[in-house]
Amino acid sequence: MFLWLLCCGVFSAEAQEQQPLFRRRVVFHSLSERWELDSATRRGTFIVTPYRPVYVTAGRRSTDPNEQPFSENPAYSQPVPLTYGYYEAKFQLSLKTKVIQGLFRGHGDLWVGYTQRSHWQLYNILFSRPFRETNYEPEVILNFATNVSLLGARTRMLGIGFNHQSNGRSLPLSRSWNRVFVQAGFERGRWTVLLRPWWRLKDAEDENPAIADHIGRAEAVLIYTRGRHLFSLAGSHSLRLGKKNRGQVQFDWTFPVVGDLRLDLQLFHGYGETLVDYNHRQSTIGIAIPLVEWL
């Protein structure tokens, strides 16, 4: 279904302009182009466009696979260890579409986004190569275009939204949480900064009580482009000190190889690479083929 939506978005975009955002040739876009923040970049509603990075990798290695996921809620703890391999495949799909344009006297747009990230134990012959974890993340975002100078940078957008993330699994490995967030985007030359603090909403049956103390309460993404290279540093933090001083960070270097073929070196360290790993710390390294970058 989602591939069908993607194709529809591609064909719709091609019908409206000769250079759609989804294309194989590498071109980095500004926040204004990606989020349609001015009259020159507005493309209407119900056109599927990129959201977060889209990539595929067949090679990712973890220093410490989470073989016995647990939760502070005893009902959601794996009773016996699972034999997971150190190597697995990983891919991410991320799309968004504008459903209402020009709210609040033309300043606001309502977006619906969807991100799906899967970890596949491709090399685990013992367990018949299962999908270890897939996270589903739908969002609704009310976004506003801005153009204000702040500390030498230009504030390009402000928004508020609702985020649900879950892994669709049954007991004892079910994980989910809901958040309300605000977001802001800044640009300065080759640099782009995205900030997103959030507030977790309480759940009647809390599957992961300490998730905010591990994955975090705010996220920041720093992006730098130079030529055909893109560097990004994305991290989240608990915003706590002492024993609750936790979070995660991921570094990506996307670089050209030959023609339009590019590779993405991914380095991750911390908690919550997936929802079932929300309170498990590990370091991973992988090489991906990027289809869509942050910009």
Side-chain angles (χ1 to χ4, degrees), residues 1-4 6 52-95 114-138 163-177 203 205-211 213-216 234 236 246-252 263-292:
M1 175 179 178
F2 294 109
L3 291 179
W4 178 82
L6 174 60
R52 296 174 182 171
V54 177
Y55 56 80
V56 178
T57 174
R60 162 209 173 269
R61 186 185 191 279
S62 171
T63 59
D64 185 20
N66 189 8
E67 297 185 332
Q68 193 168 5
F70 73 95
S71 169
E72 297 76 24
N73 183 339
Y76 292 89
S77 296
Q78 175 67 28
V80 296
L82 303 170
T83 307
Y84 287 134
Y86 285 84
Y87 296 91
E88 64 184 13
K90 175 184 176 183
F91 60 85
Q92 177 169 288
L93 171 68
S94 188
L95 312 168
Y114 177 79
T115 301
Q116 178 176 315
R117 185 185 305 115
S118 295
H119 291 252
W120 181 17
Q121 288 273 298
L122 177 61
Y123 311 104
N124 194 334
I125 302 176
L126 180 64
F127 281 153
S128 300
R129 312 178 197 273
F131 274 84
R132 179 177 66 86
E133 175 85 343
T134 295
N135 293 161
Y136 311 93
E137 192 171 357
N163 173 290
H164 168 80
Q165 189 178 27
S166 61
N167 63 359
R169 304 177 74 173
S170 58
L171 285 170
L173 298 179
S174 174
R175 301 287 187 269
S176 66
W177 62 331
D203 294 317
E205 182 69 22
D206 200 339
E207 303 167 347
N208 24 246
I211 190 170
D213 288 333
H214 289 84
I215 292 181
S236 61
R246 308 185 185 102
Q248 60 173 242
V249 62
Q250 179 170 311
F251 170 78
D252 286 75
L263 292 179
D264 178 8
L265 172 65
Q266 294 185 350
L267 304 174
F268 174 92
H269 176 72
Y271 295 89
E273 189 183 28
T274 72
L275 272 181
V276 79
D277 301 323
Y278 77 92
N279 55 4
H280 177 78
R281 187 174 67 178
Q282 61 185 315
S283 298
T284 67
I285 182 172
I287 293 289
I289 296 178
L291 304 178
V292 176

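This one's a predicted model, so the numbers in the text were calculated from it and none came from an experiment.
Side chain of Q92 to backbone of Y55: no donor-acceptor contact under 3.5 angstrom is found. In this structure a side-chain-to-backbone donor-acceptor pair under 3.5 Å is present from Q68 to P79. With T57 contributing its side chain and I287 its backbone, the two residues share a donor-acceptor pair below 3.5 Å.
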Check the pair N135, R175 against side chain to side chain contact (heavy atoms under 4.5 Å, CB included), reporting the backbone distance first and the verdict last.
CA-CA 9 Å; N135 293 161; R175 301 287 187 269; over 6 Å; no
side-chain hydrogen bond (donor to acceptor under 3.5 Å, both in side chains) assessment of E137 paired with N163
CA-CA 7 Å; E137 192 171 357; N163 173 290; 2.7 Å; yes
Give the C-alpha distance, both sets of side-chain angles, the deciding distance and a yes or no for side chain to side chain contact (heavy atoms under 4.5 Å, CB included) between L263 and I289.
CA-CA 5 Å; L263 292 179; I289 296 178; 4.0 Å; yes
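Between Y278 and H214, the ring planes lie perpendicular to each other; the angle is over 60°, past the 30° to 60° tilted range.
Nearest heavy-atom pair, R246 versus D213, reported as atom, atom and distance to 0.1 Å: NH1-O, 3.2 Å. Between Q121 and G85, the shortest heavy-atom contact is OE1-N, 2.7 Å. Here the closest non-hydrogen pair linking Y123 and G59 is OH-N, 4.4 Å. In plain terms, the two heavy atoms of I211 and W177 that are nearest each other are CG2-CE3, 3.5 Å.
Salt-bridge check for R169 with E133: passed, with a basic side-chain N closer than 4.0 Å to an acidic carboxylate O.
For CG of L126, the number of neighbouring non-hydrogen atoms (other residues, nucleotides, ligands) closer than 6.0 Å is greater than 12.
In this structure R61 satisfies the side-chain hydrogen bond (donor to acceptor under 3.5 Å, both in side chains) test together with Y87, sequence neighbours excluded.
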